[in-house]
Amino acid sequence: MTNPDVQIRINGRAGHITLTRPQALNALNHDMCTAIEQALDAWRDDPAVHLIILDATGERAFCAGGDIAAMYNAGKAGDYDTPRSFWREEYRLNTKLAEYPKPIVSFLHGFVMGGGVGLGGHVSHRIVGESTQIAMPECGIGFVPDVGGTYRLALAPGRLGEYFGLTGARMGPAEAIRAGFADMFIPEADWPELKNALATTGKPSVLIPATPPESTLPEDDINALFAGEALQDILNTLRASDSEFAAKALKTLQRNSPLSMAATLEMIHRLRSPSLDIRKALELEYRVSHRIMEHGDFIEGVRAQIIDKDRTPTWKHALDKVPAVDVSLLLRPLGKEAWTFEETGMNIAFIGLGNMGGPMAANLIKAGHSVTGFDVAGTTVEGARVAASAAEAAKGADVVITMLPNGAILRAVAADVIPAMTPGAVLLDCSTVDVESARAVADLAAAAGLGALDAPVSGGIGGAAAGTLTFMVGGSDEAFAIAKPLFDIMGQKAVHCGPSGNGQAAKICNNMILGVTMIATCEAFALADKLGLDRQSMFDVVSTSSGYSWTMNAYCPAPGVGPNSPADNGYKPGFASELMLKDLGLSQQAAEAADADTPMGQRALELYKQFVEAEDGKGMDFSAMLPRFEKRGRG
Ligand code: NAD
């Protein structure tokens, strides 16, 4: 997968990640996060990669933050989920960087702010140079320091954390090292050679620190001025001081969001404990991120600073009047919405919420995944977000699942959703369609940098509801691995049958057997009737003798006999006869293309065709063949 905003390659013994979005000061967006995370995952156990180099192109910034404008646009449109899912993933990436088992060397030049600190500020070897300006300026846009920023701020010596967190002041190289945001100063002129040495040796021992320019930080003043318990205490102390430094700091605080500063201070104080780790900080930060669009100053702050640039935000609270309860409301636990490192929930789009798709989607929701649904018939599933179109549902999804009536509809839906999907996501079609359609859709998806799986199912609506379907899957190993946890929820078994189209091949062969055996089972029952053999005896014998089959034992077409089935419900589908006719048509189409002799499949097709088109079969379950045979004689 290629991403224009980040370059990922292996140089010698180093995995090398370079941010290549200098026109936006390398601001981090969702796709960049995904690409970096995938590289880290791939290199973790790759013996060829001894260490990782993380740097950025452009003179001005390593990374000046996250893509705030995109978050603002989503939040403004009432879509809080998109930014939330970005934050969740970004924080997972921050954790992986901080806890990575191999050395990561970040070269932090120019601006390193917010998201940039999350990327390069937690790794094992953080290099700063003459141009470095590190800051956590979030309170200025109505947010709080996140991406693990509060972790660094809470660990900073004295009251430096409070100072840098509330004011967003920039740290030069010496201040950054003092505050714990960086490890060593090396003149930037030496960096290119150093990167070569890292790649050649694979050893961070080639990094030799130089003496940074002197720090100008008035630490004693800061420790005295920022020691207050609450924002109000700090404001009072600053006002009472006649130092120039205090006046300047106060001026900054007067510009920033009062609610954000009060929350930031509370976060730093809560986190400052010996048991602190980055995950604790991120969990606390996410409580705020989750709520900040609705309950904080974020939208207004971004509007004023970044969108309209009028620099006159109307904050929710006056500087001296932030109610403690509003801070508590931002910081209270999120319950099951809480951020955890574990990748529990995927973003799933589900297109086609009919007899099968509806219960399959419901099972994914029950398992904790976030599902956005779309069905042309307007069908919805409890707990799923409703999208206005298939393309809208597919936007930002990790996996797009389709469960549609036929190949023509699948092709149309695929043409719609593929351009909306994020590269790297997987299009997972569970419908039963012809092999050619499955392969054509897979080709389209691959051309767009997506994974594709054809994964038709067996098990009917009972299996869909109970989560016991069998999936027959065609497609790549990588896409299969991504979808596997979903198969485990919706089914009891997923068989990887080979490349794209092979799932459908398995399915149509299976259903050819199913159609043939259903007819055989129904005609045998009708014959038994005429021979005076009661149906229960027939079932008792056949279900335990050599004539047993799924159609007899699990889906008995005789009402009142065997386990509950559509026969006990007036032959309401279940699996509609027209869908069986479709499947038999697919198997004959494939048999013809492959020059396979399938006389029983052909006869089953003719019988279902007659049943659906000329008799009463349409809209009936495919087991309604039994009442059809019942009524007939040999003529
Ligand atoms: P269904 O008709 O109940 O569901 C299909 C859904 O797709 C409908 O709700 C329909 O409104 C929706 N749809 C159609 N065109 C659409 C579009 N362009 N965009 C969005 N939604 C659209 O059928 P089903 O029984 O759920 O079967 C779905 C698929 O699963 C079929 O391919 C079928 O062969 C296969 N299948 C069904 C069973 C079964 O027992 N029902 C078993 C195995 C496989």
Side-chain angles (χ1 to χ4, degrees), residues 349-363 371-381 384 386-394 400-418 420 427-435 437-438 441 454-473 490-491 493 503-504 506-515 518 550-551 554-555 557 565-567 569 571-587 589 608 612 618-624:
F350 211 116
I351 320 286
L353 299 167
N355 289 322
M356 296 293 289
M360 288 163 74
N363 283 332
V371 175
T372 303
F374 174 72
D375 191 300
V376 270
T379 319
T380 55
V381 170
V386 182
S389 67
E392 185 190 306
V400 175
I401 304 181
T402 46
M403 196 52 176
L404 298 162
N406 58 49
I409 294 177
L410 169 68
R411 284 178 192 243
V413 168
D416 243 20
V417 298
I418 286 174
L427 179 57
L428 167 56
D429 176 49
C430 297
S431 330
T432 307
V433 303
D434 55 292
V435 177
S437 291
V441 165
D454 51 296
V457 302
S458 168
I461 51 169
T468 55
L469 295 168
T470 294
F471 290 86
M472 302 147 228
V473 191
M490 298 186 287
K493 191 167 184 184
Q504 296 297 350
K507 172 69 186 175
I508 57 178
C509 291
N510 179 73
N511 274 23
M512 189 171 79
I513 298 172
L514 178 65
M518 179 55 86
W550 185 83
T551 55
Y555 204 91
S565 72
N569 193 18
Y571 294 102
K572 196 165 156 263
F575 184 40
S577 295
E578 53 270 32
L579 287 181
M580 174 48 86
L581 174 59
K582 176 190 87 170
D583 291 359
L584 289 165
L586 295 177
S587 57
Q589 189 184 325
Y608 271 105
V612 168
K618 190 152 196 271
M620 301 288 274
D621 189 73
F622 83 120
S623 59

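Counting starts at 1 for both ligands and their atoms, following the listed order.
Given atom 23 (O) of ligand 1, the protein heavy atom at minimum distance is L579 CD1, 4.2 Å. Among protein heavy atoms, atom 4 (O) of ligand 1 sits closest to G354 CA, 3.3 Å. Ranking the protein heavy atoms by distance from atom 6 (C) of ligand 1 puts D375 OD2, 3.6 Å first. The protein atom (non-hydrogen) at minimum distance from atom 21 (N) of ligand 1 is V376 N, 3.3 Å. The nearest protein atom to atom 30 (O) of ligand 1, hydrogens excluded, is given as M403 CE, 3.0 Å; this is a heavy-atom distance.
A distance-only check finds a donor-acceptor pair linking the side chain of S577 to the backbone of D621 [under 3.5 Å]. Proximity of a side-chain donor or acceptor of D454 to a complementary backbone N or O of Q504 within less than 3.5 Å is detected. Side-chain N or O atoms of N406 include one that pairs as donor or acceptor with a backbone N or O of I409 at under 3.5 Å.
Note that NZ of K582 is 9.0 Å distant from CG of N511, once rounded to the nearest 0.5 Å. Annotation: the span from F575 atom CZ to S458 atom OG amounts to 9.5 Å, rounded to 0.5 Å. In this structure, CG on D583 lies 5.0 Å from OG1 on T432, to the nearest 0.5 angstrom. In this structure, L514 CG and T551 OG1 are separated by 7.0 Å, a value rounded to the nearest 0.5 Å.
The closest heavy-atom contact to atom 44 (C) of ligand 1, among the options L586, D621, T432, D429, comes from T432. With N510, L410, I409 as candidates, the residue nearest to atom 15 (N) of ligand 1 on a non-hydrogen basis is I409. Across the listed options L404, I351, N406, L404 owns the non-hydrogen atom lying nearest to atom 28 (C) of ligand 1.
Ligand 1 places these atoms under 4.0 Å from at least one heavy atom of V413: 17 (C), 18 (N), 19 (N). Atom numbering of ligand 1 starts at 1 in the shown order; those under 4.0 Å from a heavy atom of K582 are 31 (C), 32 (O), 33 (C), 34 (O). Those atoms of ligand 1 that come under 4.0 Å of a heavy atom in S431, given as number and element, are 32 (O). Heavy-atom contacts of A377 reach the following atoms of ligand 1: 11 (O) (cutoff under 4.0 Å). When each atom of ligand 1 is checked for a heavy atom of V457 under 4.0 Å away, the hits are 43 (C), 44 (C). Of all atoms in ligand 1, numbered sequentially from 1 with element shown, those under 4.0 Å from a heavy atom of F374 are 19 (N), 20 (C).
Taking distance alone, with nitrogen or oxygen atoms compared against 3.5 Å, N355 approaches ligand 1 more closely than that limit. Backbone and side-chain nitrogen or oxygen atoms of M356 are examined, and one is located within less than 3.5 angstrom of a nitrogen or oxygen of ligand 1. Any N or O atom pair closer than 3.5 Å counts here, and K507 shares no such pair with ligand 1.
Counting heavy atoms from C-beta outward, D429 and V441 have side chains that stay 4.5 Å or more apart. Residues I508 and Q589 have side chains not in contact (no heavy-atom distance under 4.5 Å, counting atoms from C-beta outward).
Shown here, atom 2 (O) of ligand 1 is out of close reach of the protein: none of its heavy atoms lies under 4.0 Å off.
Of the residues M403, K507, M356, the one that meets the side chain to side chain contact (heavy atoms under 4.5 Å, CB included) test with C430 is M403.
Closest of all the heavy-atom pairs between L404 and G352 is CD2-CA, 4.0 Å.
No part of A576 comes within 4.0 Å of ligand 1, judged by heavy-atom distances.
Relative orientation of the F622 and Y555 rings is tilted, given thresholds of 30° and 60° on the angle between their planes.
In this structure, G574 has a heavy atom closer than 4.0 Å to ligand 1.
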